[in-house]
There are 2 protein chains.
Amino acid sequence: MKIGKGVEWAAHACAVLALLPPGAALSRECLADYLGVPPPYLAKQLQALSRAGLVLTQRGAAGGYQLARDAETISLWDITAALEGTAPRFRCTEIRRNGPCGASSAECPAPCDIAAAFQQAESVYRETLAAVPLTQVVAGATAVATDGRKQRIGDWIQQNASGLS
Amino acid sequence: MKIGKGVEWAAHACAVLALLPPGAALSRECLADYLGVPPPYLAKQLQALSRAGLVLTQRGAAGGYQLARDAETISLWDITAALEGTAPRFRCTEIRRNGPCGASSAECPAPCDIAAAFQQAESVYRETLAAVPLTQVVAGATAVATDGRKQRIGDWIQQNASGLS
DNA sequence: TTAATTGCGGATAATATATATCCTAATTAA
DNA sequence: TTAATTAGGATATATATTATCCGCAATTAA
């Protein structure tokens, strides 16, 4: 019933990657350090993002992760779907077919109203998250950051990112 | 990440209770039989509905369950909340405060955009379910039932419900 | 070529949650 | 009282989540 915390981690990780200059990359060690989370488990989330095509990976020395496409085109739903999958969270087991007064196949041409309502609810949930691009997350975080912290973040990126020109 | 199947069971159980004449009740054995689910586990869901004030229980001989209020005023969200609770499914652990570039308290007067987006998504999810009263579920199920099945359901209720006049 | 770095995938384990059942106590109609 | 019936706790099992480690493949620099 709960959402894995990997979703939160991955969202913040993507927000950091969105700060990188084009072509630059961050290793998982650096990302884990920046976010303050255990590296091995974060690696799992990053692999999922990679499989979903949201980030590009570069192996070997000076390798790391970078966004696969423009931050404007990556939504929180993309990240959630990559980590949690797209299977419906409500599972209809067709209870109406059970028991002494169960419905026949002919009486069940469409999902019952209960299943339909949950499908609809999940649909609006999905659309709400899909309407939030990474750029919005980055802009919101930047808006509340002090000038000093912005400076520190820029310095940290200069020091830890690879592929900088 | 998934929703317990108890929600589906409870929703269908409430839909059955909504068919009862005023004052009539059904035992959990009868309900479990009607729905085709294991009685002991269904009992847990019914207890949760009772604690939430959605159903009334009558112990002792000829006891059972009945809706606590008009079916028009019980929504699928009421039932979901009774079974799964109202705690947010997305848990914000304030990752922005972590690491070498973590935000200070002063920079975090409000939830970050990630947490806010998930809160908003859960809100629209909740509202979608809250907009579906039991009466709509019952009407939808009745609409697809054949006349013969409606007859069988009425007969079954006559035979199994207690407190009939 | 060799060595160092780094992500990938599989295996593993600890913990938490969901699923399912049973038993005893409390309650109530007959 | 007696039989029926729910409440609540204890318990067992299955599944999911959280977390870590290790060997392999890929890449780069010396």
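We name chains A, B, ... by the order of the sequence lines, and we start the count at 1 in each one.
In this structure, CG of A:L56 is placed 11 Å from P of C:dC8, rounded to the nearest angstrom. If you take CG of B:L83 and C1' of C:dT17, they are 15 Å apart, rounded to a whole angstrom. Going from atom CG of B:L46 over to atom C1' of C:dT21 covers 16 Å, rounded to whole Å. Rounding to whole angstrom units, CG of residue B:L31 and P of D:dT5 are separated by 13 Å. Here C:dC23 presents its C1' atom at 13 Å from CD of B:Q47, a figure rounded to the nearest Å. Atom-to-atom, CD of A:E29 to C1' of C:dA4 comes out at 15 Å; the value is rounded to the nearest Å. Rounding to whole angstrom units, CG of residue B:L42 and P of D:dT6 are separated by 10 Å. Straight-line distance from the OH atom of B:Y65 to the C1' atom of C:dT28: 15 Å, rounded to whole Å.
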For this session: Apply side chain to side chain donor-acceptor pair (under 3.5 Å) to A:S123 and A:Q119, showing your working.
Result: CA-CA 6 Å; A:S123 177; A:Q119 281 173 20; over 6 Å; no
Exercise. Side chain to side chain contact (heavy atoms under 4.5 Å, CB included) between B:I157 and B:L19: does it pass, once the steps are laid out?
Worked result: CA-CA 8 Å; B:I157 289 176; B:L19 296 175; 3.8 Å; yes
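Residue B:Q58 has a polar side-chain atom (N or O) positioned under 4.0 Å from OP1 or OP2 of C:dA29. Phosphate contact (OP1/OP2 of D:dT6, side-chain N/O of B:R28, threshold under 4.0 Å): present. At D:dA12, none of the side-chain N or O atoms of B:Y41 fall inside 4.0 Å of OP1 or OP2 (strictly under the cut-off). Between B:S50 and the phosphate of D:dA7, there is a side-chain N or O to OP1/OP2 separation shorter than 4.0 Å. Residue A:R91 places at least one side-chain N or O closer than 4.0 Å to OP1 or OP2 of C:dT19.
Looking only at distances, a side-chain donor or acceptor of A:E8 sits under 3.5 Å from a matching main-chain atom of B:T93.
The aromatic rings of A:F118 and A:F90 sit parallel to each other, their planes meeting at less than 30°, with 60° as the upper class boundary.
Taking the side chain of B:R59 as heavy atoms from C-beta on, and the options D:dT20, C:dT28, D:dA7, the nearest nucleotide is D:dA7. Side-chain proximity of B:P40 to D:dA19, C:dT21, C:dC8: nearest is C:dT21. Closest to the side chain of B:W9, out of C:dT21, D:dT6, C:dA20, is C:dA20.
Distance SG/B:C101 to CD/A:Q151: 11.0 Å, rounded to 0.5 Å.
Residues A:L26 and B:G6 each lie close to DNA chain C; by heavy-atom proximity, the contact nearer the 5' end of the strand is made by A:L26.
Side-chain N/O atoms of B:K44 and base N/O atoms of D:dG9 include a donor-acceptor pair closer than 3.5 Å.
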